[in-house]
*Asks:* 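Mind looking over this structure? Questions follow.
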Number of protein chains: 2
Amino acid sequence: MCAMARPRKPLLSRDRIVETAGALVDAEGLAALSTRRLAAELGVSGPSLYNHFRTKDEILDAVADAVSAKIDLSMFDETDGRDWRTALHDWAVSYRAALADHPHVVPLLAHGPGRRPAGLKVADAVFGGMVRAGWPAAQATYIGALMRYFITGSALGSFARGFVDDEAAYDPADYPHLGQAHLLAERQEKVDEGAFETGLRALLDGLALQYETGVRGQWTARSS
Amino acid sequence: MCAMARPRKPLLSRDRIVETAGALVDAEGLAALSTRRLAAELGVSGPSLYNHFRTKDEILDAVADAVSAKIDLSMFDETDGRDWRTALHDWAVSYRAALADHPHVVPLLAHGPGRRPAGLKVADAVFGGMVRAGWPAAQATYIGALMRYFITGSALGSFARGFVDDEAAYDPADYPHLGQAHLLAERQEKVDEGAFETGLRALLDGLALQYETGVRGQWTARSS
DNA sequence: ACCTGAACACCGTTCAAGT
DNA sequence: ACCTGAACACCGTTCAAGT
């Protein structure tokens, strides 16, 4: 074994680092990603990573952006963009599916796009789509924000998984209405899906109401 | 200075630890809370904490629950509970205010109540209130879940703060609709508040639609 | 340019020792 | 019962040294 300090062909690349980091986070969670562990997975020593990224946070940013890049945005492509409701619905479903595939990454995404290109692309597409559909700029901004609240919230905090599967944890004297709460854990997927669908429908119904009111009044009160 | 191993009166208590930990997290963020730092703040050595909590995570759980305990639940007290919409609205506003006061704690709360008593009290109150107001159990569960999605999502990821205050970050060639995005940072509070209010109104309007439909059809299709 | 080992200043947690 | 210092197995990051 010769201790070669620099190989003729680089052992690492940004892409390979991000890919391996993403796989590790998906498999074992954010806490499992240390620079040493990641380096070991890449067959390299810890400090080597710093030749390609300035900090561990930069690596995590890249992992997060790779997930954002999987969100379908094609529904905002239509040049007329009239049917904003269908577009918003399909986007929300695709958005949530992308996050659900990588639940451990959601906390990284929840704080906004920052300087991540794919995250910015998402914000750009939904804002552009809503404006084209006739929403005033201020409302289009709100829609991008509130949809993100709802979707990342639902992906981050699986409601059902947030309860422990242990009947003894729910003393009827303390929580008179949680007698069935321990069942939530096993029905987790159905409950979270039902809540997401119910909430998304309510959100879109409510926005449709605001759209009609706005169009009738030509957005006099709230446009900016 | 005598090196006393055990004082006659305990130096620590669970309450004092949680209070100091919460203050530290509020002031400097989650990353600033190490067991050694917290112990120093309490005038004590690191391992002392383990006489009162089994792990650091247990301390964080208690900090999170203290925030949940500040959420107003009195709107679900009324024995008739007919006006579910007003109750839900007021609860959402109080919920969000509690989280906004402790933004660094939100990630700890986002994963659900677990075994935290105050978190379970919240889930119990909203579920009970909705059922009393006439919602079927399944829908009441969904409402608790989707409201939490929206509220924690909005508290966790301030939309506006998620954009950097740097015009150069938004190349028009890449993001044709984000020309004003750098302004979001300074208008942060107004944007987040507007998005929250718009989303909450839409959510409640949409749920009212589903309530009316359900009552008319006596929840035949979706009750369980 | 790109990798290495050694080193620095940290972590959470355990444990025997003190009173 | 409740605190202590020492210790273990970790961290992220810097840096001089190698090729």
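Everything quoted here is computed from the prediction, not taken from an experiment. Convention: sequence-line order gives letters A, B, ...; per-chain numbering from 1.
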*Asks:* Of all the base pairs, Watson-Crick or G-U under 3.5 Å, which form stems of three or more consecutive pairs involving DNA chain D?
*Replies:*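 As far as DNA chain D goes, consecutive pairing (with distances under 3.5 Å) yields the stems C:4-8 with D:12-16, C:12-16 with D:4-8.
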*Asks:* Does anything in residues 21-44 of chain A pair up under ring-ring contact (aromatic ring centres under 6.0 Å, His included), and if so which pairs, sequence neighbours excluded?
*Replies:*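 Of all non-adjacent pairs touching residues 21-44 of chain A, none passes ring-ring contact (aromatic ring centres under 6.0 Å, His included).
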*Asks:* Can a side chain N or O of B/S45 be found less than 4.0 Å away from OP1 or OP2 on D/dT4?
*Replies:*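 Result: yes.
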*Asks:* Could you check which of D/dT4, C/dT4, C/dC3 has an atom nearest any side-chain atom of A/N51?
*Replies:*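 The listed nucleotide nearest to A/N51's side chain is C/dC3.
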*Asks:* Examine D/dC3: is either OP1 or OP2 under 4.0 Å from a nitrogen or oxygen in the side chain of B/H52? Give yes or no.
*Replies:*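 Looking at the OP1 and OP2 atoms of D/dC3, one of them is under 4.0 Å from a side-chain N or O of B/H52.
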*Asks:* List in numerical order all residues of residues 11-32 of chain A for which some heavy atom is under 4.0 Å away from an atom belonging to DNA chain D.
*Replies:*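 Heavy-atom contacts with DNA chain D come from no residue of residues 11-32 of chain A; none.
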*Asks:* Take atom CG of A/L49 and atom C1' of C/dT4, then tell me their distance rounded to the nearest Å.
*Replies:*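 That distance rounds to 13 Å.
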*Asks:* So, using salt bridge (charged side-chain N to carboxylate O under 4.0 Å, His left out) as the criterion, who are the partners of B/E58 when residues are at least two apart?
*Replies:*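 Expected list: B/R54.
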*Asks:* How would you list, by chain and number, every residue that makes a side chain to side chain contact (heavy atoms under 4.5 Å, CB included) with B/A169, sequence neighbours excluded?
*Replies:*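 B/A169: side chain to side chain contact (heavy atoms under 4.5 Å, CB included) contacts with A/R115, B/V164, B/D166.
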*Asks:* Listing request: all salt bridge (charged side-chain N to carboxylate O under 4.0 Å, His left out) pairs with a residue in residues 170-185 of chain A, at least two apart in sequence or in separate chains.
*Replies:*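 Applying salt bridge (charged side-chain N to carboxylate O under 4.0 Å, His left out) to every pair that reaches into residues 170-185 of chain A, excluding sequence neighbours, yields nothing.
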*Asks:* Consider only side-chain N and O atoms of B/D57 and B/T55, and report whether a donor and an acceptor are under 3.5 Å apart.
*Replies:*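 B/D57 vs B/T55: no donor-acceptor pair found between side chains.
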*Asks:* Write out a two-atom table: protein N or O, nucleotide N or O from nucleotides 12-14 of chain C, distance below 3.5 Å.
*Replies:*
{"from": "C/dG12", "atom 1": "OP1", "to": "B/T35", "atom 2": "N", "distance (Å)": "3.3"}
{"from": "C/dG12", "atom 1": "OP1", "to": "B/K56", "atom 2": "NZ", "distance (Å)": "2.9"}
{"from": "C/dG12", "atom 1": "OP2", "to": "B/T35", "atom 2": "N", "distance (Å)": "2.7"}
{"from": "C/dG12", "atom 1": "OP2", "to": "B/T35", "atom 2": "OG1", "distance (Å)": "2.7"}
{"from": "C/dG12", "atom 1": "N7", "to": "B/R36", "atom 2": "NH2", "distance (Å)": "2.7"}
{"from": "C/dG12", "atom 1": "O6", "to": "B/R36", "atom 2": "NH2", "distance (Å)": "2.4"}
{"from": "C/dT13", "atom 1": "OP2", "to": "B/Y50", "atom 2": "OH", "distance (Å)": "2.5"}
{"from": "C/dT13", "atom 1": "OP2", "to": "B/K56", "atom 2": "N", "distance (Å)": "2.8"}
{"from": "C/dT13", "atom 1": "O5'", "to": "B/Y50", "atom 2": "OH", "distance (Å)": "3.2"}

*Asks:* List for me each residue that meets salt bridge (charged side-chain N to carboxylate O under 4.0 Å, His left out) alongside A/E19, sequence neighbours excluded, and say none if there are none.
*Replies:*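 Salt bridge (charged side-chain N to carboxylate O under 4.0 Å, His left out) check on A/E19 returns nothing, list empty.
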*Asks:* Write out all pairs satisfying ring-ring contact (aromatic ring centres under 6.0 Å, His included) with one or both partners inside residues 173-200 of chain B, taking only residues at least two apart or from two chains.
*Replies:*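 Matches after skipping sequence neighbours: B/F150-B/F196.
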*Asks:* Taking only residues two or more places apart in sequence or in another chain, which ones pass ring pair (Phe, Tyr, Trp, His ring centres under 6.0 Å) with A/F127?
*Replies:*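 If we apply the ring pair (Phe, Tyr, Trp, His ring centres under 6.0 Å) test to A/F127, skipping adjacent residues, there are no hits.
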*Asks:* Using the side chain to side chain contact (heavy atoms under 4.5 Å, CB included) criterion, which residues pair with A/D101? Sequence neighbours excluded.
*Replies:*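 With neighbours one apart ignored, the set is empty.
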*Asks:* Taking salt bridge (charged side-chain N to carboxylate O under 4.0 Å, His left out) as the test, write out the residues that go with B/E41, two or more places apart.
*Replies:*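 Testing B/E41 for salt bridge (charged side-chain N to carboxylate O under 4.0 Å, His left out), a comparison that skips the adjacent residues, returns B/R37.
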*Asks:* B/M147 and side-chain contact (heavy atoms from CB on, under 4.5 Å): which partner among B/T152, B/V126, B/L200?
*Replies:*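 For B/M147, the side-chain contact (heavy atoms from CB on, under 4.5 Å) check succeeds only for B/L200.
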*Asks:* Please state how far atom CZ in B/F53 lies from atom C1' in D/dC3, giving the value in whole angstrom units.
*Replies:*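 One finds 17 Å between C1' of D/dC3 and CZ of B/F53, rounded.
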